[in-house]
Amino acid sequence: MEYKIELTSDEVTKKWYNINADLPVELPAPKNSEGKDQLSTLPDIFVEECLKQEMTTDRYVTIPNEVRELYQRLGRPTPLCRAKGLEEKLNTPAKIYYKREDTSPTGSHKLNSAIAQAYYAKKEGVERLTTETGAGQWGTALSLAASMMDLEATVYMVKVSFNQKPFRKTIMQLYDGNVYASPSNNTEVGRKILKETPDHPGSLGIAISEAVEDALNDEKVKYTLGSVLNHVILHQTVIGQEIKTQLEKVEETPDTMIACTGGGSNFGGALFPFIKDKIEGNSETEFLAAEPAACPSLTEGEYRYDFGDEVGFTPLFKMFTLGHDFVAPSVHAGGLRYHGMNAQVSLLRKEGYITPRTVKQTEVFEAGKLFAQTEGVVPAPETCHAVKVAIDEARKCKQTGEEKTIVVNFSGHGLLDFKGYESYLDGTLEDS
Ligand SMILES: *Cc1c(COP(=O)(O)O)cnc(C)c1O
C-alpha cells in the first residue's frame, strides 16, 4: 500500500495550464460600469504580465525558471497521501486521497500564485505590493513572496479575523509585511466606513477596496489578488498537474474530486487539469465544490455581471454572486466568505461540469476534528469544507458498496486558525 505518493523536484511542471483554451463556451469578458468589454479601461493597478495572463487563450504558459526554482526550494511537488485512517474510521470501501498543500511553508496553496505575482512585479520595476486578506493565508503568502523578491508588502486584513488571529499578524511581520485591520484609517474608503460604522467587522470586499485605493496613484505600487482572477488559478494549476502524475503512478482514476471554494483558486488549480479531460469527453469524474451554507455563492447566487469588491472599483465580472454588498454573518468562522466566484469556475458550474455542495459550519469543524484524529493533520477551516464533503461521499459508498476513488485538495492546515475550533469544542459555535 502506497500511503504517500511523492515526486522529485525535477517533476515540478514546467507549464501552467490555462482552461480558457478548452472552455465549452467562450468566457464572457469583464466589463467596466459603462458596459465596455475591455480590461484596457482598468486603472493601472495590476502587474502587467498578470493582466496579460488574465484573458490569454494559450493552453499552456511557461513557468519562468526563477519561479519554478522557488517552487522547488519551497517544497514542491507536494505529496499526495492516502487517508487510510479516515477510511478505516468511516468503514468505507472508498479510497480517499488528499493533496498536501498544507505542507507549503506558509501553510496553504496561496504561495503558488504569490511567488509568480511577486516575480513579475519585480521584473516590471514595482517597489511595493498591496493586497487584502481574509483569514490571513494570502497576506502571509504574499508577505513571504514579496520578501523573497525584495519588494514591500502592505496587507489589509478583514478586521474580524485580524482580531481573532493575532499570530497571523506576527507571521506576516516576520516576513516583513505591513498589516492593517480593515476597514482602516489608511484609505478614504476605510475612513468613510469607520465614520459611519465604527465597529464594522470588515469584509473581503471592503479590504479589496482599500488595497486597490492604496495602489491607485503610484505606478511603483501594484495591487495583487490571491484568488478570484483567472491568472491566480492559472498559477495554481501546478497542483492539479502534480495530482495527475501522482495518480498515474499508482494507476488510479478519480471518480470524485473535491475542493472548497472561496474565490475558486484552489478548486480551479487542483481540478481544471482534470475538468479539461471531462470537457474533451475522456472522463467520467465528478467535480464537487464545497462551500459554506453562510456564503453559498455557487449554490444560491445568481449568474450575472457584478463587481469584485464592495465599493465598485473593480470591473464587472460575469459570475455566480450573492451581490457585491453581501456580508457573511459575523458568527461565521469558517472562512470562504467572498460574495462571488471566479468567472471560469462560474461558467463551468453554469454549463454543468461542477456540482456545488453547501455545508454548515458545526459539521465542518466536526469533520476537521475527525480528520485530525485519524490522519494527524489539522485542516484549515476552509479545507474542512472539502473534507466534510469527502466524508459524506465516503459514507455514501459505505451504503452502496461502491469502491470510489475520492481525491480531496487539502488546501491548507489550521495551525494558525484555532479560534473556530475552540468555539466548536466548547460548544459556542453557532450554525451561521
Ligand atoms: C484562501 C484559502 C481558501 C479559499 O480560497 P480559494 O481561492 O477558493 O482557494 C481555501 N483554503 C485555504 C487553506 C485558503 O488559504
Side-chain angles (χ1 to χ4, degrees), residues 2 5 7 11 13-27 57-61 77-78 80-83 87 92-101 109 230 233-261 264-291 298 320 341-357 386-387 389-390 392-394 396-397 400-411:
E2 202 61 59
I5 307 148
L7 304 175
E11 289 174 281
T13 174
K14 296 193 166 83
K15 292 184 165 126
W16 291 303
Y17 166 63
N18 175 21
I19 203 159
N20 276 345
D22 295 306
L23 288 173
V25 294
E26 203 184 321
L27 192 72
T57 50
D58 295 348
R59 182 166 287 115
Y60 291 98
V61 175
T78 59
L80 181 72
C81 288
R82 178 86 184 263
E87 291 169 21
T92 174
K95 291 185 251 181
I96 305 173
Y97 289 93
Y98 61 111
K99 176 65 167 166
R100 300 284 311 267
E101 290 305 298
H109 66 285
N230 303 339
I233 295 195
L234 176 78
H235 302 153
Q236 293 295 352
T237 57
V238 285
I239 305 173
Q241 294 182 82
E242 286 174 14
I243 298 176
K244 272 204 143 167
T245 310
Q246 286 164 317
L247 288 175
E248 278 161 20
K249 288 207 173 183
V250 289
E251 297 176 358
E252 292 276 16
T253 311
D255 295 297
T256 306
M257 295 189 79
I258 305 164
C260 64
T261 44
S265 79
N266 90 86
F267 181 95
L271 274 50
F272 280 1
F274 291 85
I275 295 180
K276 173 183 194 287
D277 299 340
K278 181 112 173 186
I279 294 169
E280 288 166 352
N282 300 323
S283 148
E284 297 289 307
T285 307
E286 177 183 37
F287 304 102
L288 304 180
E291 60 179 11
L298 280 177
F320 278 91
M341 184 55 58
N342 164 262
Q344 298 162 325
V345 173
S346 293
L347 183 147
L348 289 164
R349 149 87 171 108
K350 180 77 182 163
E351 296 296 317
Y353 287 90
I354 294 170
T355 309
R357 293 276 171 85
V387 170
V389 172
D392 288 347
E393 290 302 302
K396 273 188 224 159
C397 289
T400 61
E402 284 173 290
E403 292 176 28
K404 282 193 178 171
T405 300
I406 299 171
V407 178
V408 185
N409 190 42
F410 199 88
S411 55

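Comment: Lys95 does not engage Glu403 in a salt bridge, judged by the lack of any side-chain N to carboxylate O separation of less than 4.0 angstrom. Salt bridge status for Asp277 with Lys244: present, with a side-chain N to carboxylate O gap under 4.0 Å. Lys396 has no carboxylate O lying under 4.0 Å from a charged side-chain N of Glu402, or vice versa, which leaves the two without a salt bridge. The residues Glu252 and Arg82 are annotated as not salt-bridged, no charged nitrogen and carboxylate oxygen being separated by less than 4.0 angstrom.
In plain terms, the two heavy atoms of Glu291 and Pro356 that are nearest each other are OE2-CB, 4.3 Å. Heavy atoms only, all atoms of each residue included: Leu298 and Ala289 are closest at CD1-CB, 3.8 Å. Of all the heavy atoms in Val389 and Ala290, the pair that sits closest is CG2-CB, 3.6 Å. The two residues Thr92 and Ala394 make their nearest non-hydrogen contact at OG1-O, 2.8 Å. The minimum heavy-atom distance linking Cys260 with Asn266 is given by the pair O-ND2, 3.1 Å. Here the shortest heavy-atom pairing between Pro273 and Gln241 reads CG-N, 3.9 Å.
Atom NZ in Lys404 sits 14.0 Å away from atom OG1 in Thr253 (nearest 0.5 Å). Distance check: Glu26 CD to Leu23 CG gives 9.5 Å after rounding to the nearest 0.5 Å. To the nearest 0.5 Å, atoms CD1 (Ile279) and OH (Tyr353) are separated by 5.5 Å. Taking CD1 of Ile275 as the reference point, atom OG of Ser283 lies at 9.0 Å (rounded to 0.5 Å). Once rounded to the nearest 0.5 Å, the distance linking CD1 of Ile354 with CE of Met341 reads 9.0 Å. Here OG1 of Thr237 is found 10.0 Å from CD1 of Ile19. Values are rounded to the nearest 0.5 Å.
Using the six-membered ring where Trp is involved, His235 and Trp16 have ring planes that are tilted, between 30° and 60° apart.
Using a 4.5 Å cut-off on side-chain heavy atoms (C-beta onward), Tyr17 and Asp22 make contact. You'll find the side chain of Phe320 reaches within 4.5 Å of the side chain of Lys350, heavy atoms only. Looking at heavy atoms from C-beta onward, Ile5 lies out of side-chain contact with Thr245 at the 4.5 angstrom threshold. Residues Leu80 and Arg100 are not in side-chain contact: their nearest non-hydrogen atoms beyond the backbone lie 4.5 Å or more apart. You'll find the side chain of Ser265 stays beyond 4.5 Å of the side chain of Asn342, heavy atoms only. Residues Ile258 and Val407 form no side-chain contact, since every pair of their non-hydrogen atoms from C-beta on lies 4.5 Å or further apart. In this structure, the side chains of Thr285 and Phe274 stay at 4.5 Å or more apart for every pair of heavy atoms. Counting heavy atoms from C-beta on, the side chains of Leu348 and Phe287 never come closer than 4.5 Å.
Side-chain atoms of Gln344 and Asn20 form a donor-acceptor pair, as typed in the model, at a separation below 3.5 Å. In this model, a donor atom of one side chain and an acceptor atom of the other lie less than 3.5 Å apart for Lys99 and Thr78.
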Derivation and outcome, side-chain contact (heavy atoms from CB on, under 4.5 Å), residues Leu27 and Asn230 | CA-CA 11 Å; Leu27 192 72; Asn230 303 339; 3.5 Å; yes
Would you please test Arg59 and Asn18 for side-chain contact (heavy atoms from CB on, under 4.5 Å) and show each step?
-> CA-CA 5 Å; Arg59 182 166 287 115; Asn18 175 21; 5.8 Å; no
Evaluate the side-chain contact (heavy atoms from CB on, under 4.5 Å) criterion for residues Met257 and Leu288: first the C-alpha distance (whole Å), next the side-chain angles of each, then the deciding distance (0.1 Å), finally the verdict.
-> CA-CA 6 Å; Met257 295 189 79; Leu288 304 180; over 6 Å; no
Hey, mind stepping through Asn409 and Phe267 against side-chain contact (heavy atoms from CB on, under 4.5 Å) and telling me if it holds?
-> CA-CA 8 Å; Asn409 190 42; Phe267 181 95; over 6 Å; no
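Listed by first and then second residue, the salt bridge (charged side-chain N to carboxylate O under 4.0 Å, His left out) pairs that reach into residues 279-290 are Lys276-Glu280, sequence neighbours excluded.
Checking side-chain atoms of Glu11 against main-chain N and O of Pro77 turns up no donor-acceptor pair under 3.5 Å.
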